[in-house]
Structure formats: C-alpha cells, structure tokens
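Counting convention: from 1, in listed order, for ligands and their atoms alike.
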Amino acid sequence: MRVYNFSAGPAMLPEEVLKKAAAELTEHGDSGQSVIEMSHRGKDYEAIHNECISLLRETMEIPDNYKVLFIQGGGHMQFDMVPQNLKKNGKADFVVTGQWAGKAQSEAKKYLEANVIASSKDKTFSYIPALDSSEFDKDADYFHICQNNTIFGTRFSKLPETGSVPLVSDMSSCILSEPVDVSKFGIIYACAQKNMGPSGVTVVIIREDLIRDLGDSNVPAMQRYKTYADNNSLYNTPPTFSIYMVKLVLEWIKSKGGLSEIKAYNEKKAAILYDYLDSSKMFNNPVEKEYRSLMNVTFVTGNEELDKKFIAEAKKEGLVTLGGHRSVGGMRASIYNAMPIEGVQKLVDFMRKFEAENSAM
Ligand SMILES: *Cc1c(COP(=O)(O)O)cnc(C)c1O
C-alpha cells in the first residue's frame, strides 16, 4: 500500500506519473527499448530531452533570452558553479536564511568575496530579514537567495530589488509550485528531487548574457554553463532517466491546468495545515506568518519525547517521514505538488486525534 510520504526530498511523485513510467519502462513508445537503455545521441532520447525543455519553457513561461540546462551534481554543484561562472568584479551578496543559503555563501567564498547582506540566524531562521536595497553592492557579480528554505519552512514573500545585479535564486524546493516571473532572475536553479522528479538532474534557467566564455581559465569544462549551453546539455551523457521523469511531471502539471492551478491547490493544502496549527494547543509552527512556506511546514510540540511519539504513531497510520531535518529536530511536513489534499487532511485528522489523546501529558 502506498503511504503519504512527507519527505523533504527525494519526495513523493504523482502516482499517475509513476504508473506511466512503469508502463513504459520496458519499452518506450515504438522504440523497442527502455528509456534507460537508449543512446543519448539517438533520436528517441533526443525527442524526450527536447520535449522536457520545451514543456518547462511553456509551463514557466521562460523568456526567449534564457536557456534551460540540465546539470548533475545536485543543488550543491550550483553553489560552486554560480561563483565560478559569474565572477567578474570578484564579489557577491548573500542573504543567509538557512542552511542551504549558508552553504551557497560559504562555497562562494572559495572564489570571491561573499558578503552576507542579511541573516535570520539570530532567531533560528524563523523569518526572512527585511532588506534595504540601498545596502546592496551595485558592483556585485550577483545577489543570491534561497527562495524557499526547505529545512526551516520559510520563503521569500517578495523578491529583493537588485537592479542590474543578477538575482540568483535557489528554487530547489519551490520550483513549479506557483508561477514566477523568470525575467526578474539572472539564474534560477533547482535540483529535481523535491518537486520535479527523481534525483540526478538539476535544472538551471540562465539569462543568456550570463553564459560566459571563460577562455583558458582553470574552471573545469563540466562546471562551465557554456559547455552545457553550447551542447544542449548533451556534452556528455546526461541523466537521461531523470530528465524523462521530469518530462512526465511537466505533462502532469499541464494536465492539471498549469502553475496557477497548482498554486491554488498548494495554497489550499497549506491552509488546512497552518489553520490547524494556529488553533492547536499542542503543536506550534515557529515561522512568522508572512514568511510561511507553501511547501515545507515545520512544527514542534515543545517536548522532544512527544515529538518522537508523534512521528512513530503517524508512521503506523501511513503518514511517513515527518521528522524534521536532522539539524533541527521536531517535525516537518513537506507538501510538494504531488502530495494530494487527502494526505494533508489525513495528517491533520491524525494530529487532532493525537492532541486529544496526549494533552494530559
Ligand atoms: C535539497 C536542497 C539542496 C541540496 O540539493 P542536493 O541535490 O542534495 O545537492 C539545495 N538547496 C535547497 C533549497 C534544497 O532544498
């Protein structure tokens, strides 16, 4: 029996998508072979690859002056690729709103001056700091944010105004959860395993003028955006199966009416959970309301033993992977696109029951 999996990633995928992949696993179309077995240079795979790119362009309304790249190495690889490729004046601005944002900054330090413009570390990353654009460095090579903080359950409710400095956003845990205006960004990157597909591929959406020729610098070929852009992400063997799965997820999103519909559904799901948390005397969401994530909902009882009991009992009900990130503890329900409203409702029903049964403690 399939469970409701609240994992932060790899995470749940739509059942329709998994069934389609299963049905096509041994033979894709009339190719006589599995996607996994196909040459990445053949026309069958090429069609999948290009369809995935064009569906993403259509779904996110990506302007013509942006390229879509498929890169391996996960979100982490982008922490290194962005500074190496965008370095010009040798400095960049960072907003540190959690562990991933912090890692992007500390990796960037290897290549340039990585300035922390603001941080929410003082209150365990439970909010997004107010930003004053007059404090931004006009000569920065880029301005980096992590738009949705997977571990702490916060998100930017509005984007910083960075003027001509390219805004770089780690959207690993919120891409495709709602429409975004791509033209506001220099680079958007997202590993697939949160909201787009299986692990193995990271999508990079990059404005063309930021795809630079790094000449004879010592940046490795595999870490240059230009290598991917010049070769339609087929310079070497791409993660073909992951890209195929992303294509199926994009088809599923299209069948649901696109990102506006997905957003409305996600808002409905998140509201069920947050409304309950706000009314509960046992469970508490530590995030300032304005910055609450639509995708990752964190909560605690304030009693570690009780948290553990909750996670264990929820598991018996088919509500799994509700533990918070190992660095913070407590609980976290990741409710990405593929989590059906029934799963969230079942979680809230269980929380209500648990609260009633354990409130004497
Ligand atoms: C999961 C995650 C990452 C790390 O991704 P990997 O693919 O494991 O390298 C980076 N940023 C954010 C926001 C994430 O949620």
Side-chain angles (χ1 to χ4, degrees), residues 5-13 69-84 92 94-108 110 114 119-121 124-128 142-157 159-160 167-178 180 185 187-206 222-223 228 233 238-239 241-243 245-246 249 266 287 291-298 321 323-328 332-339:
N5 179 8
F6 293 90
S7 169
M12 247 177 119
L13 287 171
L69 312 177
F70 299 133
I71 300 178
Q72 301 194 48
H76 279 83
M77 177 79 110
Q78 295 312 307
F79 302 161
D80 284 299
M81 282 183 75
V82 172
Q84 290 187 90
F94 292 80
V95 185
V96 176
T97 50
Q99 188 166 309
W100 302 121
K103 273 198 175 179
Q105 189 264 343
S106 63
E107 276 303 298
K110 294 175 179 167
S119 163
S120 49
K121 192 163 186 222
T124 342
F125 301 116
S126 58
Y127 67 105
I128 301 291
Y142 64 98
F143 188 106
H144 185 277
I145 60 169
C146 178
Q147 205 150 324
N148 181 78
N149 298 281
T150 326
I151 296 173
F152 297 94
T154 62
R155 62 146 175 185
F156 279 76
S157 51
L159 293 175
L167 179 61
V168 176
S169 178
D170 179 352
M171 288 197 196
S172 291
S173 52
C174 61
I175 195 162
L176 301 175
S177 65
E178 60 182 344
V180 291
F185 300 88
I187 296 178
I188 291 169
Y189 64 86
C191 51
Q193 72 272 19
K194 312 288 165 77
N195 207 18
M196 247 184 323
S199 61
V201 66
T202 296
V203 166
V204 173
I205 302 165
I206 180 169
M222 290 301 288
Q223 293 193 34
Y228 296 84
S233 302
F241 189 71
S242 299
I243 292 167
M245 289 296 293
V246 172
V249 168
N266 284 334
V287 173
Y291 308 114
R292 284 174 165 178
S293 168
L294 271 186
M295 300 278 96
N296 311 97
V297 181
T298 54
T321 338
H325 189 267
R326 61 186 190 278
S327 64
V328 293
R332 170 178 53 178
S334 294
I335 49 173
Y336 297 118
N337 290 350
M339 174 61 67

Under 3.5 Å, is there a donor on one side chain and an acceptor on the other for N149 and T97? yes
Give a yes or no on whether the ring-centroid distance for Y142 and F94 is below 6.0 angstrom. yes
Would you say that [X] contacts [Y] through its side chain, given a criterion of any heavy-atom pair below 4.5 Å between the two side chains?
| X | Y | result |
| --- | --- | --- |
| P160 | V95 | no |
| H144 | Q105 | no |
| S293 | F152 | no |
| H325 | T298 | no |
| T150 | R332 | yes |

As an exercise, identify every atom of ligand 1 less than 4.0 angstrom from a heavy atom of [X].
| X | answer |
| --- | --- |
| G75 | 5 (O), 6 (P), 7 (O), 9 (O) |
| C191 | 5 (O), 7 (O) |
| C146 | 13 (C) |
| G74 | 7 (O), 9 (O) |
| S172 | 10 (C), 11 (N), 12 (C), 13 (C), 14 (C), 15 (O) |

Backbone, side chain, both or neither: what part of M77 comes under 4.0 angstrom of ligand 1, heavy atoms only? neither
Give me the residue, atom name and distance of the protein heavy atom closest to atom 11 (N) of ligand 1. D170 OD2, 2.6 Å
Nearest protein heavy atom to atom 9 (O) of ligand 1, by residue and atom, and its distance? H76 ND1, 2.5 Å
Between K194 and ligand 1, does any nitrogen or oxygen pair lie at a separation below 3.5 Å? yes
For G9 and ligand 1, answer yes if some heavy atom of the residue is under 4.0 Å from a ligand atom, otherwise no. no
Would you say Q193 contacts ligand 1, with heavy atoms under 4.0 Å as the rule? yes
Gap separating the OG atom of S119 from the CD1 atom of I128, nearest 0.5 angstrom: 10.5 Å
